[in-house]
Amino acid sequence: MEKFTLLDGLVAPLDRANVDTDQIIPKEHLKSIKRTGFAAALFAAWRHDPEFVLNQPRYRGATILLSRRNFGCGSSREHAPWALLDYGFRCVIAPSFADIFFNNCFKNGLLPVVLSEAEVDRLFYECASFPGFKLVVNLENQSVSTTDGSQTTRFEVDAFRKYCLLNGLDEIGLTLRHADKIRAFEARRKAQFPWYF
Amino acid sequence: MGSTLYDKLWDSHVVHLEQDGTALLYIDRHLVHEVTSPQAYEGLKVAGRKPWRVDSVVATADHNTPTTGWDEGVEGIRDPFAKLQIQTLDANIRHFGAKVYFPFLDRRQGIVHVIGPEQGATLPGMTVVCGDSHTSTHGAFACLAHGIGTSEVEHVLATQCLVTRKMKNMRVSVEGALARGVTAKDVVLAVIGRIGTAGGTGHAIEFAGSTMRALSMEGRMTVCNMSIEAGARAGMVAADETTIEYVKGRPLAPKGAEQERAASYWRTLKSDPDAKFDREVALDARAIKPHVTWGTSPEMVISVDDAVPDPEREKDGAKREGMERALAYMGLKPRTRITDVKLDKVFIGSCTNSRIEDLRAAAAVVQGRRIASNVRLALVVPGSGLVKAQAEREGLDRVFRDAGFEWREPGCSMCLGMNPDRLDPGERCASTSNRNFEGRQGAGGRTHLVSPAMAAAAAIAGHFVDVRQWR
Ligand code: SF4
């Protein structure tokens, strides 16, 4: 999993509440053998609309998605964070997230940031007012700031999850912290029961 | 206090234990197939990781391989998605490697749970995992074996460990001799009928008792295979001389002096006499009759001389509703004698019952007869290419073909209907597989789980019959 420390990125505003995983990636696109290659399927149903946020040139290359409450509700499919990541997003900012989606984000190196409704409102406003509006997401300090540093908001994140993201540790990464122990166990087992190897 | 077999297997594989009871469990054998592995391998690639121990991997394509048209090769696979998965497995194994790999069309290809034991890839005392719930099959070898999900497949590939917690101990003791015509399948259906499909939840089941000891390895595999249908992720049987004899001489089994050293260790793989189990269940084998499921869950099962139960007589409201729903789906009336139920299709195969002894038992019933005119399709799908070849050497294919059965190439086939072998809506099937869920063998299909001999007799008679009376 890629580390998440500091993200200085363009913001794409998706002004909807209750964006569900079926909208993030419709189920026709699940018949894959991969966990990459979902970028084209991200918000597939909405992408037909030329006005849709991701179709607007000014948001090309966005790495931060701004949305409304209860983002990621619906099925538990891990394809939803895969699709967002594959498109290039590393962070989603919303007033609230659905539980499973929220967990799945951390498992895959996508940072979900919860800010107040008022704060999110303000960010939508800034986005609309300033083409090329960027934000700096600093996980170490748990802050979201404007690039000139004039505005800074703090957010909460579980300490263990923060540690994993900062160090790029997914579940496999966590287990691999015990790599020496696994190796030692394996060597003992091989000496004792060579026929299993 | 002594240890159970499960305690011993668990203790000998714990690499690291967290305070909260979460353990890293070392995995000896990782069986890989085409359906649950693509995203796991993709995950490795994306993260730039390598498999921890390639030699632990044994791979084959089985779930959606076709059972006909093998002469057309991979190009002959009609379902583009199945084809893509089969080709992806191929590419992944070529890229990452494996101890042994039996691709589609290989003479040794077959259902992953059939080929593991057949090749000696499953050895007593191992931990065995596979992205498939019927991995419990391998517990027959005194292994700790259970199914895992795709993210766990990736985790095991990358770390050789599984993050897990210890289960509770449960012992199912079956004592006494089985009557003629009563098989391992009937034993496990009787167990599920007794404890229910959630009866083993959270437990590792050890199947013990004189009946289990008398069963062949293939019979023990049939029983352990369906542990998951009793809610237990793992089922197991202690190792004994039957186990050691079966394993001896298999391609991946230890040889010579090492074999003897291994065997003396394997003989310790049993519960201590004073071991304590969290739960105990006992069954009298002499009372077990051939079984037939009537509903849409393996616990909805009766003896062949019984009638379909009447929901009216069920006091529990939720259960009654479940029964009514199942009867409606199955198109059955309460109190119908199960032997009056007519069939459209018959399937002999799956990781539960597709080994040579299963085919012999079915062929013995079929010998010299014809399938009934109302049976539209009767399929025999051997569990592996080697089972198929052995059956052909014994002339079993002729017996089946002469009777009107189709003799197919190995694979999972109509057990789950991912390939073209399916039930059509409303079709009724006697099946030797393990799941009779709604739509399992095809949308709207109606599955009755039985033993191979019972399925064979049903194919000939056109309805269920008691094989104990078969002459
Ligand atoms: S035969 Fe059926 S139950 Fe067994 S592995 Fe194949 S699909 Fe699963």
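Quick note: numbers below take in every heavy atom, side chains included, and nothing from hydrogens, waters or symmetry partners. Proteins come first, then strands; the chains are lettered A, B, ... in the order of their sequence lines, and each starts at number 1.
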For this session: Verify side chain to side chain contact (heavy atoms under 4.5 Å, CB included) between A:His178 and B:Val15, making sure each step is shown before the conclusion.
Result: CA-CA 9 Å; A:His178 301 292; B:Val15 172; 5.7 Å; no
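The environment of NZ in B:Lys8 is crowded: more than 12 heavy-atom neighbours from other residues, nucleotides or ligands sit within 6.0 Å. By the neighbour-count criterion of 12 heavy atoms within 6.0 Å, atom CD of A:Glu2 is sparsely surrounded, having that number or fewer from other residues, nucleotides or ligands. In the displayed structure, B:Lys255 atom NZ is contacted under 6.0 Å by more than 12 heavy atoms of other residues, nucleotides or ligands. Atom CZ of B:Arg78 sits in a sparse spot, with 12 or fewer heavy atoms from other residues, nucleotides or ligands closer than 6.0 Å. Heavy-atom neighbours of A:Phe52 CZ from other residues, nucleotides or ligands within 6.0 Å: above the threshold of 12. Heavy-atom contacts from other residues, nucleotides or ligands closer than 6.0 Å to CZ of B:Arg250 number more than 12.
Of the atoms belonging to B:Lys99, it is side-chain heavy atoms, and not backbone ones, that fall under 4.5 Å from chain A. Looking at B:Val35, there are no atoms closer than 4.5 Å to chain A (heavy atoms on both sides), in backbone or side chain. Residue B:Pro80 does not touch chain A at all, counting heavy-atom pairs closer than 4.5 Å. For chain A, the nearby part of B:Arg49 is the side chain; its heavy atoms alone come within less than 4.5 Å. In this structure, chain B has heavy atoms under 4.5 Å from both the backbone and the side chain of A:Ala179. When heavy atoms are compared at a cutoff of 4.5 Å, B:Glu258 approaches chain A by way of both its backbone and its side chain. Heavy atoms closer than 4.5 Å to chain B are found in the backbone of A:Gln192, but not in its side chain. Contacts of B:Glu18 with chain A are made by side-chain atoms alone, with heavy-atom separations under 4.5 Å and no backbone atom involved. For B:Ala121, no part lies under 4.5 angstrom from a heavy atom of chain A.
Between A:Trp82 and B:Glu42, every side-chain heavy-atom pair lies at or beyond the 4.5 Å cut-off. The shortest side-chain heavy-atom distance between B:His16 and A:Arg177 does not fall under the 4.5 Å cut-off. Two residues are said to be in side-chain contact when any heavy atoms from C-beta on lie closer than 4.5 Å; A:Thr175 and B:His155 meet this criterion. Considering only heavy atoms from C-beta on, B:Ser151 stays 4.5 Å or farther from A:Lys107 through its side chain. Looking only at side-chain heavy atoms (C-beta outward), B:Val163 and A:Glu171 stay at 4.5 Å or farther from each other. Contact of the B:Asp28 side chain with the A:Arg189 side chain is registered, since non-hydrogen atoms from C-beta on lie closer than 4.5 Å. A:Ile172 is listed as a side-chain neighbour of B:Glu154, based on a closest heavy-atom distance under 4.5 Å. Contact check for B:Arg29 versus A:Tyr196: no side-chain heavy atoms found under the 4.5 Å cut-off.
No other option in B:Gln259, B:Lys45, B:Met126, B:Glu34 has as many heavy-atom pairs under 4.5 Å with chain A as B:Met126. Heavy-atom pairs under 4.5 Å with chain A were tallied for B:Leu123, B:Asp55, B:Val46; the largest tally goes to B:Leu123. Ranked by heavy-atom pairs under 4.5 Å with chain A, the list B:Gly125, B:Ala40, B:Ser37 is led by B:Gly125. Interface check for chain B: of the options A:Lys34, A:Arg183, A:Arg188, the most heavy-atom pairs under 4.5 Å are formed by A:Lys34. Comparing A:Met1, A:Glu78, A:Lys181, A:Glu186 by heavy-atom pairs within less than 4.5 Å of chain B, the highest count is held by A:Glu186. Between chain B and the residues A:Phe185, A:Phe193, A:Trp195, the most heavy-atom pairs under 4.5 angstrom are made by A:Trp195. Chain A forms more heavy-atom pairs under 4.5 Å with one residue of B:Gln160, B:Arg261, B:Gln85 than with any other, namely B:Arg261. For the set B:Pro124, B:Ser56, B:Ala253, the entry with the most heavy-atom pairs within less than 4.5 Å of chain A is B:Pro124.
Considering all non-hydrogen atoms of both residues, A:Ile33 and B:Thr88 come closest at CD1-OG1, 2.9 Å.
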